[in-house]
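Read through the structure below, which is laid out as structure tokens, and then see the notes.
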Amino acid sequence: MKVVIIGNTGFIGNSIYNYLGKTKEYDLIGISKNEIDLSGEKSSIALSKYLTADCIVVMCAGVKKQLGDNLDTFERNSAIINNFCRAISLVPPKKIIFFSSASVYGEDVDYDEKIYEKTPVQPKTYYGIAKYTAERLLKKICTENETELVILRPPLIYGKNDRSRGYGPTGFTYKAIHNEEIILWGDGTEYREFVYVEDVSKIISRLINSDHNGVVNLVSGRSYNFQQILDSLSGIIGSGIKVKERERTKAKVDHHYSNKVLNDLVGDFKFTSLESGLADMYQSLITLKKEEQLNN
């Protein structure tokens, strides 16, 4: 089976590419920004040359919200998805697995119950709006070309080789290792989902062979709060962590997700706990720090 991974050198794409490569079950093709910059003109034609009617495409390319949530980022993400859509219109693949985001539900929207795939979307950020726009474009084009489409809506994905270091597991761990002050908004008790990147890769390997079409919340169904991240890091590092609380700029909201659809698709999948994921990432960042010190 031919699998094309677009964005294979990025944080998520690289993890998927390496995991699928180890299985040796696929004719694997990775396309990074160095090969094809999907924000550029004529990139759709270049991409279409890699596509075939029987291939499966995993679309991971895009600009992270951690790199700036503004109109410029929106326009870059829009250009990427527009050129991707042009490419798959030229050569429609068998299936597309598209990485959207749970941000389409609204980062600062308070939900009284769990978030399901049918929960109304309320994107509040440029990133969330761009992702939902991409979903709608892909759904239209895939319907017209009879291409299977799986839309994944993951929450924050963290783990080894994540260089974004945003607010949450990766950023907190990095600052703790470098003895830097961690800013905690409010008391850190708002609940969010954090999914370990290697779990994502394993789930993709199962979804490739699924005949499901539609939206899937790529979630474990268990949320943690930011204070729990700090508590786990304290236990892992075994020393004090510098934390400074700041007053919230937005109202406190909690997010809890249903993973019933995902469970029905991939079976009884055991997600990595926050504690185990943090411990694994901590060791990888310690190794990276030592390598940087040797190089300097």
Side-chain angles (χ1 to χ4, degrees), residues 1-23 26-40 43-44 46-48 50-51 55-67 73-74 76-88 93-104 127-128 130-135 137-139 141-142 147-164 166 170 194-208 210 215-219 262:
M1 183 183 295
K2 181 179 178 181
V3 178
V4 180
I5 300 179
I6 303 175
N8 72 301
T9 58
F11 169 51
I12 298 171
N14 186 246
S15 178
I16 296 170
Y17 184 81
N18 290 336
Y19 183 82
L20 295 183
K22 290 176 183 177
T23 68
Y26 309 101
D27 175 13
L28 203 57
I29 296 175
I31 301 175
S32 70
K33 186 178 179 181
N34 291 332
E35 281 83 42
I36 302 175
D37 182 357
L38 278 175
S39 64
S43 58
S44 58
L47 176 58
S48 68
Y50 289 89
L51 306 179
C55 78
I56 293 176
V57 179
V58 181
M59 175 55 170
C60 306
V63 183
K64 290 185 175 183
K65 63 182 176 182
Q66 290 92 338
L67 300 179
T73 299
F74 173 83
R76 289 172 66 192
N77 275 324
S78 295
I80 289 169
I81 199 63
N82 288 346
N83 286 319
F84 176 67
C85 287
R86 291 188 180 99
I88 62 173
K94 177 184 178 182
K95 174 189 276 187
I96 294 171
I97 299 176
F98 173 65
F99 274 82
S100 183
S101 169
S103 65
V104 301
Y127 179 78
K131 283 295 186 182
Y132 187 59
T133 302
E135 288 185 15
L137 285 171
L138 285 171
K139 186 173 182 180
I141 290 172
C142 288
T147 295
E148 298 172 29
L149 174 63
V150 178
I151 296 172
L152 300 178
R153 291 176 178 171
L156 191 148
I157 298 173
Y158 74 100
K160 295 184 290 185
N161 302 318
D162 183 6
R163 302 300 177 90
S164 65
T170 306
F194 310 108
V195 175
Y196 196 56
V197 68
E198 291 184 4
D199 291 343
V200 174
S201 302
K202 294 173 183 177
I203 287 170
I204 290 298
S205 71
R206 299 190 187 189
L207 288 177
I208 283 175
S210 167
V215 175
V216 180
N217 286 339
L218 203 168
V219 295
L262 182 66

Please give me the minimum heavy-atom distance between [X] and [Y], naming the atom from each residue.
X      : Y      : answer
Gly13  : Cys60  : CA-SG, 3.9 Å
Ser103 : Gly128 : OG-CA, 3.5 Å
Ala87  : Ser48  : O-CB, 3.9 Å
Gly62  : Ile80  : CA-CD1, 4.0 Å
Tyr26  : Ser205 : OH-O, 3.7 Å
Cys142 : Ile96  : SG-CD1, 3.8 Å

Hey, could you give me the [atom1]/[atom2] distance between [X] and [Y], rounded to the nearest 0.5 Å?
X      : Y      : atom1 : atom2 : result
Ser100 : Tyr127 : OG    : OH    : 7.5 Å
Thr23  : Ile208 : OG1   : CD1   : 8.0 Å
Asp162 : Ile157 : CG    : CD1   : 9.5 Å
Ser32  : Leu38  : OG    : CG    : 10.5 Å
Ile203 : Leu262 : CD1   : CG    : 5.0 Å
Met59  : Cys85  : CE    : SG    : 8.5 Å

Without swapping roles, check the side chain of [X] against the backbone of [Y] for a donor-acceptor pair under 3.5 Å.
X      : Y      : result
Asp37  : Lys33  : no
Lys131 : Arg153 : no
Ser15  : Ile12  : no
Asn77  : Val63  : yes
Thr170 : Tyr158 : no
Ser43  : Ser39  : no
Asn14  : Asn8   : yes

What verdict does the side chain to side chain contact (heavy atoms under 4.5 Å, CB included) test give for Ile36 and Ile6, after you've listed the backbone C-alpha separation in whole Å, the side-chain angles of each residue and the deciding distance to 0.1 Å? CA-CA 9 Å; Ile36 302 175; Ile6 303 175; over 6 Å; no

Take Phe98 and Ile81 through the side chain to side chain contact (heavy atoms under 4.5 Å, CB included) test and state the conclusion after the steps. CA-CA 10 Å; Phe98 173 65; Ile81 199 63; 3.9 Å; yes

Side chains of [X] and [Y]: closer than 4.5 Å at any heavy-atom pair?
X      : Y      : answer
Val57  : Tyr50  : no
Thr133 : Ser78  : no
Val150 : Val216 : yes
Lys202 : Tyr19  : yes
Val197 : Asn161 : no
Leu207 : Leu152 : yes
Ile88  : Ile141 : yes

Over 12 non-hydrogen atoms of neighbours within 6.0 angstrom of NZ in Lys2: yes

What verdict does the side chain to side chain contact (heavy atoms under 4.5 Å, CB included) test give for Tyr17 and Thr9, after you've listed the backbone C-alpha separation in whole Å, the side-chain angles of each residue and the deciding distance to 0.1 Å? CA-CA 8 Å; Tyr17 184 81; Thr9 58; over 6 Å; no

Which of Ile97, Val215, Leu138 passes side-chain contact (heavy atoms from CB on, under 4.5 Å) with Leu149? It is Leu138

